[in-house]
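Just so it is clear: chains get the letters A, B, ... in the order the sequence lines come, proteins before strands, and each one is counted from 1. Keep in mind that this is a model prediction, so the values were computed, not measured.
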Amino acid sequence: MNVSYGLENIWLWFTALLEKLFGWFGLPYIFAYTIEKIIFAAALLAFISISVLFLIWMERKVSAHIQSRLGPMHVGGWHGWAQTIADMVKLLFKEDIIPAKADKWVHRIAPIVVFVPSLMAFLVIPFEKNLIGQDLNVGILLIFAFSSLAVLAIIMGGWASNNKYTLIGGIRSAAQMVSYEIPLVLSVLSVVMMVGSLKLNDIVEAQSRVWFVFSQPLAFMLYIIAGTAEVNRTPFDLPEAESEIVSGYNTEYSGLKYGFFMLSEFTNMLIVSLVAATVFMGGWLGPKWLPLPGIIWLLLKTYLIVFVLMWVRWTFPRLRVDRLMDFGWKILIPLAFINIFITGLFMVIFK
Amino acid sequence: MGILLDEAPYILEKMPGGGIIITSADWLINWSRANSLWPLTFGLACCAFEMISTNMSKYDLDRFGVFPRPTPRQADLIFVAGTLTKKIAPKLKKLYDQMGEPKYVISMGSCSNTGGPFYDSYSVVKGVDKVIPVDVYVAGCPPRPENLIEGILKLQEKIKKDTIKNNDRAQIFK
């Protein structure tokens with residue numbers, strides 16, 4: 001599976017050039033390494049921003065067409081493509097309100113804290129075999145570890161705003177995310193058992209014959225359900241339920257701080273879809289008869305899953321709080337354990 | 001909006017070529033504000049149903065970037081849709097005060113414009129402009145969705161004529 005026409009070739013050529021250039025000037029390797037990583041991080045940040053701008057526009061168009069509307073049509077000309085840019089510029093120039101009795105510092109840093117974990121998870125996602133921030137041995141574990149930190153920021157925002165609705169939203173989010181973390185990890189655990197490695201590149205390469213979505217269909221279903229709950233999207237968007245608690249944990253946030261909450265929400269959705277595409281749908285692998293760069297295959301699969309998540313969001317109503325907990329603890333977790341047991345049984349029998 | 005929009009226009013005005021920067025910034029800010037009006041979900045009486053209908057499939061306000069927000073902190077626009085009684089007027093004032101600058105008000109229907117058919121009533125405020133400043137008045141009892149859409153387009157025209165040199169807080173600074 002040595003793909004020789006990917007984007008990674010340009011990146012490898014560039015890094016080799018940079019290292020050679022630094023070698024000529026007699027500088028140690030660590031300088032070249034640092035600059036490479038900074039350039040990679042900047043490219044990643046640009047990718048995330050552009051993806052989120054596109055995803056918000058896509059969400060509005062998908063929702064509109066599901067509800068037999070048209071969605072944004074006027075801003076920027078073609079089908080309102082500049083709608084999200086207008087929204088973001090407006091949020092940038094909007095008044096930044098901090099409530100008088102809020103815990104000011106916690107209120108200020110919560111939007112930053114919510115974005116950092118979602119950014120960190122991109123460190124280990126392989127866009128192509130060598131186009132990766134850092135190919136860690138514990139890649140998949142690191143993604144889940146960081147994505148569970150987002151709940152901290154949501155509680156911070158909910159508590160610091162000094163408003164009963166934000167507090168209820170934050171506490172709901174804590175209960176929900178802690179509960180659904182377990183089936184999320186357990187569903188991926190069955191895949192990890194089959195591969196025998198937590199490294200994401202190993203998981204991708206193990207799917208060169210058959211994707212795990214076919215050999216582990218139950219795990220894929222559990223992952224998608226728990227992942228939807230993990231990023232607080234409908235039918236699990238209880239932390240920001242408009243009909244019950246005004247806007248949940250971000251009720252008191254205005255302007256760019258709210259923009260950051262929205263940015264991290266869509267980044268989290270992107271991460272859930274990227275991990276689903278990597279772990280279950282073959283990541284950067286594509287059919288051999290169609291030589292396209294691996295990153296294109298990965299993004300195609302990712303956006304397919306993103307579309308399914310949007311479809312689900314605008315089709316199903318919201319769950320009740322107690323039923324949400326029942327569903328998580330009484331159905332998803334036993335199913336995940338059964339899946340692990342069956343996987344182990346098959347591994348022993350067909351060794 | 002802080003130092004950037006309060007002080008910068010007056011410093012730029014004195015600099016050579018500063019006018020170009022002001023007009024470019026005006027264009028960008030007004031374009032974004034006009035095309036991203038997020039209204040507060042707030043309805044008082046029967047006009048609210050026309051407002052809801054305007055947001056729904058047939059008329060679809062989302063085409064113009066109008067996207068309802070549940071919380072006043074994130075809203076730019078408030079439709080006063082319906083009869084404003086004296087009992088609810090303080091709540092409307094409070095919600096208006098909770099919105100972040102810049103904020104706009106569309107008074108929708110006869111009741112909120114002037115008191116309308118309840119002009120003689122002991123309990124009705126005779127026009128919402130007695131409580132909060134209004135940008136656009138939409139006539140009708142209740143106005144049809146087309147009227148409301150025209151009101152929004154008028155508000156967009158009004159926003160596009162605005163400039164960062166004359167916002168209220170800047171006047172205080174001066």
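Looking at heavy atoms from C-beta onward, B:Trp38 lies in side-chain contact with A:Asp87 at the 4.5 angstrom threshold. Under the 4.5 Å side-chain criterion, counting only non-hydrogen atoms from C-beta, B:Arg73 is not in contact with A:Thr251.
For B:Asn30, no part sits under 4.5 Å from any heavy atom of chain A, backbone or side chain. The part of B:Ala75 that comes within reach of chain A is its backbone (N, CA, C, O), which places non-hydrogen atoms under 4.5 angstrom from that chain.
Residue-environment remark: CZ (A:Phe122) exceeds the threshold of 12 foreign heavy atoms within 6.0 Å. Within 6.0 Å of atom CH2 in A:Trp159, 12 or fewer heavy atoms from other residues, nucleotides or ligands are found, so the atom counts as exposed in its surroundings. Around the NZ atom of A:Lys104, the shell of radius 6.0 Å holds more than 12 heavy atoms that belong to other residues, nucleotides or ligands. Within 6.0 Å of NZ in B:Lys154 there are 12 or fewer heavy atoms belonging to other residues, nucleotides or ligands. Around atom CH2 of A:Trp311, no more than 12 heavy atoms belonging to other residues, nucleotides or ligands sit under 6.0 Å away. Counting heavy atoms of neighbouring residues, nucleotides and ligands inside a 6.0 Å radius, atom CD of B:Glu146 exceeds 12 of them.
In terms of heavy atoms, B:Ser36 sits closest to A:Lys90 at O-CD, 3.1 Å. Across B:Gln74 and A:Tyr258, no two heavy atoms sit closer than the pair NE2-CD1, 3.3 Å. Of all non-hydrogen atoms in A:Ile97 and B:Gln98, the two that sit nearest each other are CD1-O, 3.6 Å.
Note that the CG atom of B:Leu28 and the CG atom of A:Leu92 stand 9.0 Å from one another [nearest 0.5 Å].
For chain A, the option among B:Met99, B:Lys58, B:Arg69 with the highest count of heavy-atom pairs below 4.5 Å is B:Arg69.
Formation of a donor-acceptor pair under 3.5 Å by the B:Arg33 side chain with backbone atoms of A:Ala86 is not found in this model.
At a heavy-atom separation below 4.5 angstrom, chain B is approached by A:Arg60, A:Gln67, A:Ser68, A:Arg69, A:Leu70, A:Gly71, A:Pro72, A:Met73, A:His74, A:Val75, A:Ala82, A:Gln83 within residues 59-83 of chain A.
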